[in-house]
Each structure stands twice: as C-alpha cells, then as structure tokens.
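As structure tokens, the structure follows; a few thoughts come after it.
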Amino acid sequence: MVILPSVISDNLNRSYIVQFFGSTLSSKFGITVITLGYYRTHDWEKYGSIIGNPDSLTPKLSEFSRGTFNQPLVLVNRYDGIDLPDNQTRILIIDSLPNSSSLYDKYIDSMIPGGSETILRKAQKIEQGMGRSVRADTDYSVILLIGSDLIKFVRNPKNQKYFSAQTLQQIQLGIDISKDAHNETLSSNENVEDLDSAKKALSELIFQSLGRNSNWKEYYQEQMGMIDYSPNSNDSLPMIVAKSQIIKKATDRLSDLKKLENTIQSFVDEYVTTDEEAGWYFQLLAHIMYFRSLKTSAKKFQTVAYRRNMHLLLPQNVNLVKKIDSKIATKRIENIINQIRSYQTFENFFNVVEDISNNLSFGTRREIFESNMDELGKILGFGTDRPDEYYKKGPDNLWAVKDNLYFVIEDKSEVQESRKKIHKTETGQMNNSIAWFQDNYANSQFQALRVIPTLYTDEAGGFNADVKIMRKGSLRKLSRNIIAFAKEFEHLDFNSLSTSQVLEFINNNQLQVDTFVNNYSEKSK
C-alpha cells in the first residue's frame with residue numbers, strides 16, 4: 001500500500017512524519033527509511049532513528065534479520081542492493097526525491113533538470129527503493145512517500161510515464177486512497193486540518209494493510225489486475241536505443257558529421273519536448289565539431305544550444321544578455337493568474353509552493369535555492385532572470401517588480417546560520433552585481449537584497465549602495481505568507497480567477513511590492 005500523507009492533510013508533512021515515525025519504537029516489525037543523503041538524516045537521528053553509516057549498518061541489518069526492531073533504520077542513498085522482506089520492513093518511508101550520485105549525472109541534472117534522462121533516472125531509483133520491502137508475492141508493506149519534491153514528482157503526469165506499469169498503478173492507487181482519506185475525514189464532520197483527525201485517517205489506512213484487511217486486499221488485487229502491460233507510446237526503450245546511436249556516432253572519430261547532425265535533429269524532433277533538452281544535444285554537436293577543429297560551426301551550434309537552454313556553456317564573444325521588459329511587471333496580476341494556470345490543478349500548484357517554502361532556507365544547495373527564488377518571483381507575478389547562471393555575470397536573481405523598479409538579489413544559502421560577518425568578498429560580489437545591473441539596465445531603479453544570515457559587514461568591506469539583508473526570520477516569514485497565499489486558491493476554478501480576487505490575496509498575505517522590502521529584509525550594519 002502506497003500512501004501520500006501530505007495529500008491526506010497538510011499537517012502530515014515531512015516534518016511531522018519524521019518526528020512521529022523517527023521516534024517510533026516497534027517490537028513487531030521493522031521501519032525503514034530511504035533518504036537521498038546524509039544531510040537529510042539529521043532530523044531522523046534527532047528523534048532516535050539509527051543512521052545506516054558504514055559502522056552501524058551491518059549490526060543493524062543483523063538485528064533486523066534476527067527479529068529485533070528497536071528503532072527505525074535510515075538508509076542513505078541505498079535504493080537498491082539491500083533487501084528487507086517480511087517483518088524486516090512492514091513500513092518503508094521514501095524521504096524526498098532521489099538525486100544523482102555521479103558527477104556526470106549531477107551535471108546533466110543541472111543542465112536539463114526536466115530532461116527525459118534525468119526523469120527516467122529518478123523514476124528508476126524510486127521504483128528500486130519501493131522494492132526493498134516486498135520481495136515475494138506473499139509479502140506486504142506500507143510505503144509512505146514524503147517530501148514536497150517527491151510528491152510533486154510522482155504526481156506530475158509528465159513524469160508518471162517513466163514508471164513501469166505496475167509501479168505507476170501502485171502510485172495512482174496511493175494518490176486515490178490518500179484523497180479518499182482526506183474526503184472521508186471531511187464528510188465525517190472532522191476537521192482534516194486538525195492534527196489528531198489527520199493522524200487517525202493515516203493510521204486507519206496503514207492498518208488496513210498491516211492488519212490484512214480483506215476489503216483492501218480484494219480492492220488492491222482488482223486494481224492491479226486492470227494493468228495493461230502491452231507496449232505503448234510511453235515506452236522509453238526506442239528513445240534509449242536512439243540515444244545510444246547518437247553516442248556511438250559522436251564517439252566515432254570517423255563518423256560523418258552531416259549524418260550526425262541529421263541524427264541529432266531527428267532525435268530532437270521525435271523524442272525531445274523541451275528547449276532545454278534540445279539545447280543539450282546541440283551542445284553535444286558543437287563539442288564534436290570543436291573537437292574536429294570546425295570552430296566556426298561549433299560556435300554556431302553552441303549559440304543555438306545556448307538560446308535553447310541558458311544553463312549551458314556561454315559561447316565566447318557573444319553578448320546574449322536578454323533584458324527583462326520592465327513593462328512585464330505592470331501586468332503583475334495577469335502574470336500571477338497565467339503562472340497559476342500553468343500548474344493546471346491546485347494540488348500541483350500547492351506542491352510547487354510547498355517545495356519552494358522548504359528550499360528557501362539556509363543549508364540549501366546554491367543552485368536549488370536560486371532556482372526556487374526564480375520560481376517564487378514568477379508566482380509573485382514578477383519578470384525574472386538569473387544573470388549569474390545564464391550570462392556568468394551579474395546577480396543570482398533579478399526581479400522586475402514594477403515599472404522601472406528591479407530587485408537585485410544575491411543569495412548565500414550554503415553558509416552556517418551562526419555566521420557573524422558578511423565577508424569582504426561577499427560585499428564585493430554584491431557591488432559587482434549592482435555594477436552589472438547599472439551597465440545593462442541604465443536609468444532603472446533598483447533595490448539590492450542580500451540573502452545571508454547576518455546583518456554585519458566585515459570591517460574591511462562595505463556596500464556601494466543601499467543593500468537590505470534577508471535573514472532566517474525574513475525567509476521564514478516569506479515562506480509562511482507564500483504558503484498562505486497559495487491556500488487561498490484551493491477551492492477556486494483556475495480558469496475563472498479574477499483580478500480583484502488575486503489582488504485581495506496579495507494584500508491579505510503581505511505580498512505587496514511597496515512593502516515587500518520592509519516586510520522581508522533589514523538594513524545592513
């Protein structure tokens with residue numbers, strides 16, 4: 001049985017599940033957690049779980065095999081290779097979306113985060129993880145999927161086609177029964193937003209499986225019997241074969257470059273659905289041409305690639321800075337409505353916002369923080385850009401917030417919250433970003449914002465302009481308000497949103513442009 005606790009209730013988020021199950025002492029069966037990295041294990045360990053590091057893993061697995069289940073076991077990035085059948089694991093928790101382990105895969109993920117190869121790899125890891133607890137037809141377990149990024153991934157129709165038919169059916173069943181639990185709680189005159197009611201609904205679902213409820217078993221068998229295993233358009237095998245042909249030709253020094261170009265173009269036309277992924281393959285072609293000393297053609301295709309995907313390598317001696325039209329910001333309400341509609345459903349929208357809220361915190365990897373700031377700016381109706389990522393110069397984030405007014409934002413998310421000073425190099429970085437903005441947006445007004453845990457600049461450094469600081473409290477407040485803003489849309493038809501409604505939601509949740517800086521930042525000292 002797959003369960004998505006956060007679909008039952010917002011209160012059953014990752015933090016609550018970690019606290020509740022992380023401290024659970026079970027004598028009857030094992031509770032196992034699979035998470036993506038050691039940085040995700042700190043809260044599990046705090047509540048009493050055993051982290052499967054090299055010293056503790058073997059003894060703990062031995063305890064499980066002997067039937068001793070004192071504490072939950074947290075496996076780090078072990079989506080395969082460890083089997084925990086029968087009582088060794090009756091509750092399996094997949095904590096957050098798997099990430100890549102090799103440098104090459106990490107590079108691909110950063111260049112084409114929505115690419116087919118990235119999605120397929122993550123889907124395969126999720127499937128492998130789900131298989132750790134059930135190793136025979138007679139075996140059974142409950143699988144909890146937690147973490148807003150993981151929930152967003154498995155509920156996205158674009159990603160679902162990369163799962164096997166059986167896994168997809170299990171996930172869809174999990175979504176359906178979690179929704180049913182939510183609706184049943186509401187219909188029974190209980191408040192699903194009340195934590196006790198939400199816990200009760202989750203517990204009842206879990207014990208349908210662990211208690212071997214006959215109705216659940218019959219329903220599961222009926223639904224799984226409806227799977228269509230025949231090949232379909234979602235089969236990824238032809239794409240994998242076609243991609244292997246590209247790699248074969250690209251690594252053959254004697255291959256015909258014109259044929260390689262045609263092969264790549266045919267692949268892009270047939271299998272690629274995003275500009276970002278198309279750009280990746282044109283960059284590959286540019287690389288091969290450069291290697292063959294065809295530098296003019298290489299530069300041409302690298303420019304084509306970069307225009308499709310600005311995460312890729314910036315072509316030399318080409319000025320590709322694309323200014324944000326300041327008039328975009330004057331249509332803020334219209335922008336918000338269009339952005340919300342792009343998520344199609346409230347559930348998708350709220351998953352995105354919850355993911356942003358979780359990632360706007362110190363300790364988050366730089367690229368994740370910056371991309372979430374960019375997405376937040378779009379949800380707030382602003383024109384956005386990431387100059388440092390796209391042009392290798394300028395601020396981390398740039399928001400056009402209203403006519404001829406911009407927020408120039410530098411992020412420092414990978415620092416300790418205990419930091420006492422803003423270093424000289426960091427004030428210099430902010431000053432350079434301001435200079436870049438003034439060069440590229442002449443005669444435009446701006447407010448500089450520095451995301452960092454401290455207000456105090458180093459004695460050897462200083463800012464050349466008015467710079468406001470966004471600290472931990474500011475990020476938390478902004479996260480709370482954007483969550484509250486998103487919840488305003490829960491029962492609304494996305495195709496019938498009115499400007500007056502959206503304006504009211506902005507005002508009610510302290511997201512006005514004129515007060516944004518005062519609400520979410522402080523003066524540096």
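All of these numbers come straight from a predicted model, not from anything done at the bench. Positions are given from 1 along the sequence.
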**Report entry** Test item: Glu127 side-chain N/O and Thr167 main-chain N/O as donor-acceptor pair under 3.5 Å
**Finding:** no
Query raised in the report: Pick one: which of Asp355, Asp43, Asp149 meets salt bridge (Lys or Arg N to Asp or Glu O under 4.0 Å) with Arg14?
Result: Asp43
Query - Near-ring test Phe505/Phe489, centroid separation under 6.0 angstrom - result: yes
Query raised in the report: Would you say the side-chain atoms of Thr118 pair up with the backbone N or O of Gly114, donor to acceptor, closer than 3.5 Å?
Result: no
**Report entry** Close side-chain approach of Arg450 and Gln429, heavy atoms under 4.5 Å
**Finding:** yes
Query raised in the report: Shortest non-hydrogen contact from Arg121 to Asp109?
Result: NH1-OD1, 2.8 Å
Query raised in the report: Taking the six-membered ring for Trp, are Trp280 and Tyr107 ring centroids under 6.0 Å apart?
Result: yes
Requested in this report: Output all residues satisfying side chain to side chain contact (heavy atoms under 4.5 Å, CB included) with Glu276, sequence neighbours left out; order by chain, then residue number.
Outcome: Ile112, Thr274, Asn309
Report task. Determine, for Asp275 against Arg307, whether the closest basic-nitrogen to carboxylate-oxygen distance falls under 4.0 angstrom. Result -> no
Report task. Answer yes or no: does atom OH of Tyr38 have more than 12 heavy-atom neighbours from other residues, nucleotides or ligands under 6.0 Å? Result -> yes
Query raised in the report: Under 4.5 Å between any side-chain heavy atoms of Tyr47 and Val18, yes or no?
Result: yes
Requested in this report: Scan side-chain atoms only and decide if Asp176 and Gln172 contain a donor-acceptor pair under the 3.5 Å cut-off.
Outcome: yes
Report task. Kindly state each residue pair satisfying salt bridge (charged side-chain N to carboxylate O under 4.0 Å, His left out) with at least one member in residues 495-519, sequence neighbours excluded. Result -> Lys402-Asp514
Requested in this report: May I have the step-by-step check of salt bridge (charged side-chain N to carboxylate O under 4.0 Å, His left out) for Lys468 and Glu522, ending in yes or no?
Outcome: CA-CA 5 Å; Lys468 296 294 196 298; Glu522 305 165 76; over 6 Å; no
**Report entry** Separation of Ser23 OG from Trp44 CH2 (nearest 0.5 Å)
**Finding:** 9.5 Å
Report summary line: One should read off an interatomic distance between Met430 CE and Ile422 CD1, to the nearest 0.5 angstrom, of 10.5 Å
Requested in this report: May I ask you to check whether Tyr162 and Gln124 show a side-chain donor-acceptor distance below 3.5 Å?
Outcome: no
**Report entry** Exam field: side chain Asn335 to backbone Gly381, donor-acceptor pair closer than 3.5 Å
**Finding:** yes
Query raised in the report: Does atom CZ of Phe207 have more than 12 heavy-atom neighbours from other groups under 6.0 Å away?
Result: no
**Report entry** N/O donor-acceptor pair under 3.5 Å between Thr89 side chain and Leu92 backbone
**Finding:** no
Report task. Assess whether atom NZ of Lys392 is packed by more than 12 heavy atoms of other residues, nucleotides or ligands within 6.0 Å. Result -> yes
Query raised in the report: Run the side-chain contact (heavy atoms from CB on, under 4.5 Å) check on Asn77 and Leu36 step by step: do they pass?
Result: CA-CA 5 Å; Asn77 201 23; Leu36 65 160; 5.6 Å; no
Query raised in the report: Hey, is CZ on Arg476 packed in by over 12 heavy atoms from elsewhere, all under 6.0 Å?
Result: no
Query raised in the report: Is Asn213 reaching over with its side chain to a backbone N or O of Asn215, donor-acceptor style, under 3.5 angstrom?
Result: yes
**Report entry** Passing option when Phe446 is tested against Tyr406, Phe437, Trp399, Phe407 for ring pair (Phe, Tyr, Trp, His ring centres under 6.0 Å)
**Finding:** Phe437
Query raised in the report: With a 4.5 Å heavy-atom cut-off, do Leu497 and Leu492 have their side chains touching?
Result: yes
Query raised in the report: So, are Glu347 and Lys179 salt-bridged, with charged N and O less than 4.0 Å apart?
Result: yes
Query raised in the report: Taking 4.0 angstrom as the limit, do Asp374 and Lys378 come out as a salt bridge?
Result: yes
